[in-house]
Structure formats: C-alpha cells, structure tokens
Amino acid sequence: MQHMASELGSQMYDLARRLYPICRSITGEGVRKTLKILQESIPLEIKEVPSGTEVFDWVVPLEWNIREAWIKDEKGEKVVDFANHNLHILNYSIPYRGKLSLKALKEHIFCLPEKPDLIPYRTSYYNRNWGFCMTYEQLQTLEEGTYEVFIDATLASGCLNYGELVIPGESDEEFLLSTHICHPSLANDNLSGMVLLTHLAQAVLSRKNYYSYRFLFIPGTIGSITWLALNQGVLPRIKGGLVASLVGDPAPFHFKKSRRGNSTLDQVVQYVLEHSNFPFEILDFHPYGYDERQFCSPGIDLAVGNLTRSIFGYPEYHTSADNLDFISARDLSISYEVYLSVIQHWDCNQTYLNLSPMGEPQLGKRGLYQAIGGQSDSHEQQMAMLWILNQSDGSHTLLDVARKSGIPLFTLQKVAGILQQKKLLQRIH
Ligand code: ZN
C-alpha cells in the first residue's frame, strides 16, 4: 500500500534504508560506521570502552569484525554467502576454515522450519561458536557431500562503542532516551528506533527545554550495562526516560510501564496516548524485552519505560522478514509525533506553589480577567486559573491538575505562565 508520508517520515525512512546494509553487532566496525552516519545529523559523541573492562557482573567482550563468509559445495559453488545477506552469518562467529560432511555442517546451520522461507537472526556473543543462518527451504536443497566453509572474522581486543548526546536544559534534571544499535539488517528491530531518536534529537536541539535530554545509541544489554556502570553519578538526575524500539510498523502503540509503575513518566506517557488519535495498549513492567530491563534492574530502578508499536516477538521478529518493507515512512512519522508529544508534555509538567494561598487571591484587581478575557476559550482558561491556584500547594504537578480538571496540560502551562508573571505562582520543580 502506498502511504502519503510526511517529509519527515521520508527522511527517517531514507536514513533507515542507508543504514540497513551495514553489518552491526555489539562491537566492531559496523557500529562505528553507523554512529558516524548518525553524526551527520546530530552532534553525537562516539564513546569507546576497552575490551576486558569490568562492568557490574559483566565484562566488555572482545571486538568482533567480519569480512567474508561462505559455504561452497563440491562443485565449488557458493550455496550461502554472507555478501548476500548479513543475517547469513551467526553474529559473533569465530573464524573458521574447513571441510565437513553435510551432517557435520548441519550442526552449525540455523533455520526456522515453521517459517521455511525466512532467514533467522542468531547471535553467539558469549559462547564461542561458528555458524550460518539460512532458510529451511534452502537447507532442504543441500545434497549429501563435502562442503567447504570459510569465515574470515576476527575476535580481538578492541572496544565497545556507543553514541551519546546530552542536550542541556534550564534544569540539570534529565530525561533519558535510549535505543539499541547492535542488530544487522533488521528494520523494525531496530533501525526504526535509531532513526526515530536521531530525528527526535534534532527536534529537542531546536527547542528551548526546561529539562536536560540525554540520548544513548548503545548495543543492547552489554551497552546499557556498560553505560550504567560507568555513569552511576548521573543516575540520580535521571527523572524519567524511554527505550525506543519497534517504532516503524503499523501496529497500535504499546507502552510497557517502568518497574515503578506509577511514576511521572508512566503518567505522562499514558496521558499522551489517551489524548492521541492512535490506538494503544498499556502493559505492566515485565523483566524481558529491551534495555529497560537494565534501567529498571532493582539497584538502578529508573523510571524508564518502553514505547513500541508491535511488541517483542511479532511474527517477523528476528527474521529476514523484518526488512525495509515491514516499516514505512508513515508509521515512523506517527511514532515520532507521539514521542515528541511525550517530550513536550514531560517538559511542561512542573510543580508550582501558590504565593497567595490564604483565601482566593483577588484576580480582578490584577487584571487577570482582562488578561485572558474576550477569547473563545477564556472560560476554560479561567477554570484553569482556579484549578492551578487551588492545587498548587507544592505537592501536585501540572499533570495532576490536568487529570483532575480535564483541562489540557498545554492550556494549564500557558495559564501558569500568566500567573507567574502576576507573582501569584512560583515554580518549585
Ligand atoms: Zn532484537
């Protein structure tokens, strides 16, 4: 189906198309090449952490790089070639050269009998092995005989790379946006998250922000564990965040709440989804999925959720069917719109104190009726004024007031600004 995609959606899709052919992993040249391409759009800092660095219960692994990998039959014909698809190689395969029978070769072949025309995505980061992935249909065509295998890969001391961008706001309290960058040639999981956060960072750079925003482009699991271990001093400043993944397909939104369950982050995302025009579902936290597992581990316990379209484990998940046809410019731009709305709502959700709390302040003598009179929405704005003044005892956020009053958060923000000018209100947080 052809979609009318916005200009922004097309730009996001084009970036995904450019990154799709790169063979990424949790370390190596593919990650660096990817981050350098993202640097053309945003001032990302590329960090490196040496192999062997201890990070909590883990160790940064050896760096993996691959140049060539194939299987040849007795006629010398390549039956599988990494050059044709990045998913053909078991990610983190050790180097190998040898001749094997079909039976012995099959010990190192991964396929999906239940999805016979798809190539699976398989990794072996922490268990030294070599292997190839192919369609079950192709495996059925391999004849008895001797096969020659060649894998020109290296596992050597190097580093783990990740990208980081901090956009300072008025406050040094932070909102975290994180995405995994370790998957080769898979579109929804997770080129979609990478292109979304790249464009979102551009939007945040062009806004005047109250909060500071930190963007992380990190390899899954080991990347977030590494970042957390090396940045423990930053953690108390992080007040909320989202892990961006699976944001390019047409499924309804799924918001997996943070481990805390009812943090401000959880409330803001829920509010935004309830006021968007898109179908959505809210899910309680569970300890599998993406890097929210690390951000929500009990010793860290940040208010970080995961906002996706499809959920983890959809039929195309981790197969060659999660390709550029599975995502669209239109859906990328819809996800962008919702993520940006979360940031806009998060950024104006402050807590205020009524500076004249003994009885209602006299609004007329301060010209506050005139300040907003004559506008078609002036009744709502006057109600907003009364709600804000009544609730601003220091314990209610503007979002609490929005929920109680039914008045949109952005209207409350505008009115809070007027009340601040009249010295009736002070922002305390
Ligand atoms: Zn994945």
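Since this is a predicted model, take the numbers as computed values, not measurements. Counting starts at 1 for both ligands and their atoms, in listed order.
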Ring-face cation of R214 near F175 (centre distance under 6.0 Å, axis angle within 45°): no
Polar contact flag, side-chain donor to acceptor under 3.5 angstrom, S25-N91: yes
For the Zn ion (ligand 1), every protein N/O/S atom that sits closer than 2.8 Å, waters excluded: H183 NE2, D189 OD2, H318 NE2
Salt bridge present between D266 and K257 (N-O < 4.0 angstrom): no
Contact summary for D284 and K256, nearest pair of heavy atoms: O-CG, 4.0 Å
Cation-aromatic face contact K99/Y147, 6.0 Å, 45 degrees: no
Polar side-chain atom of N65 near backbone of E29 as donor-acceptor pair, under 3.5 Å: yes
